[in-house]
Amino acid sequence: MLVYLSKKIAVPNDTQLSSLAWHSTRGWLAVGGKNGLLRVLKLEIPQQERDSKIKGLAAPSVLTMNQTLEAHHSPVVGATWNEKENKLTTCDANGLIVVWVIYKNTWTQEM
């Protein structure tokens, strides 16, 4: 499967990105970088585009979430999704591991 993402997302002070994780069924994208930067974006295809999508062509998507998650203070070096439970696990260069859950459309720390 090929994915082509054409959205401009502002990253503070041209922060270098170091991790990326895609939730294939929900459309969430986790992006981590230097100085503890961690963002979760959600891309959705409008219903009318889903209904009329021609196989093999990319449909336009809408950015419906762009949330900054705060817990890390060193570079985020890993991010992975638990697609069954809809949780995100991230880790940084200092060894801090955080499990994130979505509650009322906002990402919060589980533990």
Side-chain angles (χ1 to χ4, degrees):
M1 175 169 90
L2 272 172
V3 176
Y4 176 74
L5 178 62
S6 178
K7 295 280 181 194
K8 288 190 176 187
I9 309 298
V11 177
N13 300 323
D14 296 323
T15 302
Q16 183 180 5
L17 302 179
S18 54
S19 62
L20 180 74
W22 173 252
H23 190 301
S24 62
T25 57
R26 297 285 182 153
W28 289 317
L29 180 67
V31 180
K34 281 190 172 180
N35 302 323
L37 172 76
L38 181 58
R39 285 204 173 162
V40 175
L41 314 166
K42 181 166 183 165
L43 301 169
E44 292 189 49
I45 299 172
Q47 186 63 42
Q48 67 271 18
E49 295 293 333
R50 268 186 263 149
D51 294 341
S52 64
K53 192 168 119 178
I54 301 171
K55 187 175 180 172
L57 295 179
S61 60
V62 177
L63 182 65
T64 60
M65 176 185 286
N66 184 358
Q67 183 182 348
T68 300
L69 283 56
E70 297 180 2
H72 298 287
H73 300 288
S74 63
V76 177
V77 295
T80 189
W81 290 101
N82 176 331
E83 293 198 15
K84 182 178 177 186
E85 300 292 328
N86 295 319
K87 296 180 182 182
L88 171 66
T89 303
T90 57
C91 62
D92 65 28
N94 288 338
L96 177 65
I97 298 171
V98 181
V99 177
W100 303 90
V101 294
I102 193 159
Y103 177 72
K104 294 186 178 180
N105 208 32
T106 301
W107 288 96
T108 58
Q109 294 182 41
E110 182 180 65
M111 37 193 232

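Scanning all heavy atoms of the two residues, the minimum distance from Trp81 to Ala21 falls at NE1-O, 3.1 Å. Here the shortest heavy-atom pairing between His23 and Glu83 reads NE2-CA, 3.5 Å. Smallest separation of non-hydrogen atoms from Ala79 and Leu88: CB-CD1, 4.3 Å. The two atoms that bring Lys42 and Arg26 nearest to each other are CE-O, 3.3 Å, heavy atoms only.
No chain of hydrophobic side-chain contacts below 4.5 Å, direct or via other Ile, Leu, Val, Met, Phe, Trp or Tyr residues, connects Val101 to Val40. Hydrophobic cluster membership differs between Trp22 and Val77, with clusters built from Ile, Leu, Val, Met, Phe, Trp and Tyr side chains linked at under 4.5 angstrom.
The side-chain hydrogen bond (donor to acceptor under 3.5 Å, both in side chains) contacts involving residues 88-104 comprise His72-Thr90, His72-Asp92, Ser74-Asp92, Ser74-Asn94, Thr90-Trp100, where partners must be two or more places apart or lie in separate chains.
Considering CG of Asn86 and CD1 of Ile102, their distance stands at 8.5 Å, rounded to 0.5 Å.
Contact annotation: the side chain of Trp107 approaches that of Met65 to within less than 4.5 Å [non-hydrogen atoms, C-beta and beyond]. In this structure, Leu37 and Val76 have side chains that are not in contact, with every pair of non-hydrogen atoms separated by 4.5 Å or more. Looking at Ile97 and Cys91, their side chains come closer than 4.5 Å, going by heavy atoms from C-beta outward.
In terms of the side chain to side chain donor-acceptor pair (under 3.5 Å) criterion, Asn35 has no residue partners (sequence neighbours excluded). Looking at residues two or more places apart in sequence or on another chain, you find no side chain to side chain donor-acceptor pair (under 3.5 Å) involving Gln67.
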